[in-house]
Amino acid sequence: MSARELVVLGTASQVPTRHRNHNGYLLRWDGEGILFDPGEGTQRQMLRAGVAAHDLNRICVTHFHGDHSLGLAGVIQRVNLDRVPHEVTAHYPRSGQKFFDRLRYATAYRETVEIGQAPVAGEGGVLATTGGYRLEARKLSHPVESYGYLLVEPDGRRMLPELLAAHGIKGPDVGRLQRKGSLGSVTLDDVSELRRGQRFAFVMDTRLCEGVHALAEGCDMLVIESTFLDEDLQLAADHGHLTAGQAGAVAREAGVRHLVLTHFSQRYSDPAEFERQARAAGYEGELTVAYDLLRVPVPKRR
């Protein structure tokens, strides 16, 4: 299996800082690359992280605030400049079509690559289905229309050597059984168990809402905003954001295996406090407080 990892390109909320770029996150998934929320400076951060335009297959924008989308112009132009040999598909709120068009054609350049457009509307739903994953979106709660994204790997089967041996199945017969579903009187269920597909969710600017919980449920990795600390809970609600404690509680309730906190307000100087508050909310799984250019492996299958 190819590497599955999150490459963090930027983690700042609203404005970049000396140490944090605007948002940007690349998910590597079995040879495909999905770029989430390319804020200003994403093209340069890609260079620093060793991410090429050729690595991109999809671009997913949660909403059209500048810290999540101003880098779209440069990324799309770089895709065309480098003559990426495959189509790149963009997903974004349909209500922001005028913003997408303005960013796509912000300046003159030569178009050499097909940029597919598959915007999201309503409550969201399934956006794409490939052999390796299903991409979904759910509506969130923010002052402008915002969506979170969910990547779901199809369930598979895990072959159990002891049961294969007990039924005398070995060598090429194992492959035949996997392809056909049975071999003589032996079925796939007799010698294997369900292997649940992995789930990855990306949740940015939002208050607590049904969409947040739906996206997080059962995830192997949840990348989620924690703009504010808990003492600023009312400020978070007023501006359509989450606190570290709320993010931790969501992950705890959803059974998330690896929680990645990001999108931090520049008002705070101690990143460790975000982890402390997420832990205080009862989350006991793996937890990462993101910083720029960090690489985070997706947890191995259960």
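Only this structure's heavy atoms are used, side chains among them; waters, hydrogens and symmetry mates stay out. All values derive from a computational prediction rather than experimental measurement.
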For the residue pair [X] and [Y], does the interplanar ring angle fall in the parallel (under 30°), tilted (30 to 60°) or perpendicular (over 60°) class?
| X | Y | answer |
| --- | --- | --- |
| F200 | F36 | tilted |
| Y92 | F64 | perpendicular |
| H65 | H63 | perpendicular |

Derivation and outcome, ring-ring contact (aromatic ring centres under 6.0 Å, His included), residues H241 and H142
CA-CA 7 Å; H241 287 290; H142 197 54; 5.2 Å; yes

Start with the C-alpha gap between H86 and V113, add the side-chain angles, then the distance that decides, and say whether side-chain contact (heavy atoms from CB on, under 4.5 Å) holds.
CA-CA 7 Å; H86 53 262; V113 178; over 6 Å; no

Does [X] belong to the same Ile/Leu/Val/Met/Phe/Trp/Tyr cluster as [Y], with side-chain heavy atoms less than 4.5 Å apart forming each link?
| X | Y | result |
| --- | --- | --- |
| Y149 | F100 | no |
| L6 | L47 | no |
| L70 | L26 | yes |
| V88 | W29 | no |
| V8 | V61 | no |

Supply the atom-to-atom distance [X] [atom1] to [Y] [atom2], rounded to the nearest 0.5 angstrom.
| X | Y | atom1 | atom2 | answer |
| --- | --- | --- | --- | --- |
| H258 | C219 | NE2 | SG | 12.5 Å |
| R138 | T206 | CZ | OG1 | 13.5 Å |
| K98 | D101 | NZ | CG | 11.0 Å |
| E5 | R28 | CD | CZ | 5.5 Å |
| E40 | N23 | CD | CG | 12.0 Å |
| L56 | I34 | CG | CD1 | 10.5 Å |

Can you check side-chain contact (heavy atoms from CB on, under 4.5 Å) on H263 and D67, steps first, answer last?
CA-CA 10 Å; H263 194 271; D67 54 331; 3.3 Å; yes

Any side-chain donor-acceptor pair under 3.5 Å between [X] and [Y]?
| X | Y | answer |
| --- | --- | --- |
| T107 | Q77 | yes |
| R48 | Q45 | yes |
| H68 | D205 | yes |

Side-chain contact, heavy-atom cut-off 4.5 Å: [X] with [Y]?
| X | Y | result |
| --- | --- | --- |
| T62 | E225 | no |
| L9 | L35 | yes |
| L81 | R78 | yes |
| R20 | P271 | yes |
| L72 | F99 | no |
| P299 | M221 | yes |

Side-chain donor or acceptor of [X] paired with backbone N/O of [Y] under 3.5 Å:
| X | Y | result |
| --- | --- | --- |
| R257 | K300 | yes |
| D37 | G24 | no |
| R195 | M159 | no |
| Y25 | G10 | yes |
| Q277 | G248 | no |
| Q266 | A12 | no |
| N57 | G33 | yes |

In the hydrophobic clustering (ILVMFWY, side-chain contacts below 4.5 Å, transitive), which residues join V289, or is it alone?
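Members besides V289, by chain and number: L140, L150, V152, V203, L208, V212, L215, L222, I224, F228, L229, L235, L242, V250, V256, L259, L261, F264, Y268, F274, Y283, L287.
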
Please determine whether salt bridge (charged side-chain N to carboxylate O under 4.0 Å, His left out) holds for the pair K139 and E145, giving the CA-CA distance in whole Å, both sets of side-chain angles, and the decisive distance to 0.1 Å.
CA-CA 8 Å; K139 193 171 185 177; E145 192 165 58; 3.5 Å; yes

Would you name the heavy atoms of [X] and [Y] that are closest together and state the gap between them?
| X | Y | answer |
| --- | --- | --- |
| P154 | G131 | CG-O, 4.2 Å |
| Y147 | A121 | OH-C, 3.2 Å |
| L188 | Q178 | CD1-CA, 4.1 Å |
| H91 | A118 | ND1-O, 3.0 Å |
| L194 | G156 | CD1-O, 3.5 Å |
| L135 | C60 | CD2-SG, 4.1 Å |

Which pairs count as salt bridge (charged side-chain N to carboxylate O under 4.0 Å, His left out) when at least one residue sits in residues 260-270, sequence neighbours excluded?
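Listed once each, the pairs are D270-R276.
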
Is [X] salt-bridged to [Y], going by a charged N under 4.0 Å from an acidic O?
| X | Y | result |
| --- | --- | --- |
| E111 | R104 | yes |
| E153 | R4 | yes |
| R176 | D173 | yes |

Apply salt bridge (charged side-chain N to carboxylate O under 4.0 Å, His left out) to the pair R301 and D220, showing each step before the final yes or no.
CA-CA 8 Å; R301 293 188 180 95; D220 295 277; over 6 Å; no

Verify the neighbour count for atom [atom1] of [X]: are there more than 12 heavy atoms of other residues, nucleotides or ligands below 6.0 Å?
| X | atom1 | result |
| --- | --- | --- |
| E210 | CD | no |
| Y291 | OH | no |
| H54 | NE2 | yes |
| R44 | CZ | no |
| E162 | CD | yes |

By ring pair (Phe, Tyr, Trp, His ring centres under 6.0 Å) - contacts of H22 (at least two apart)
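Expected list: none.
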
Tell me, with the steps shown, if E32 and D30 meet side-chain contact (heavy atoms from CB on, under 4.5 Å).
CA-CA 6 Å; E32 286 202 26; D30 295 356; over 6 Å; no

With D292 as reference, evaluate T17, T11, N21 under the side-chain hydrogen bond (donor to acceptor under 3.5 Å, both in side chains) test and give the passing residue.
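Answer after filtering T17, T11, N21: T11.
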
side-chain contact (heavy atoms from CB on, under 4.5 Å) between L233 and D230, worked out:
CA-CA 5 Å; L233 180 63; D230 291 346; 5.8 Å; no

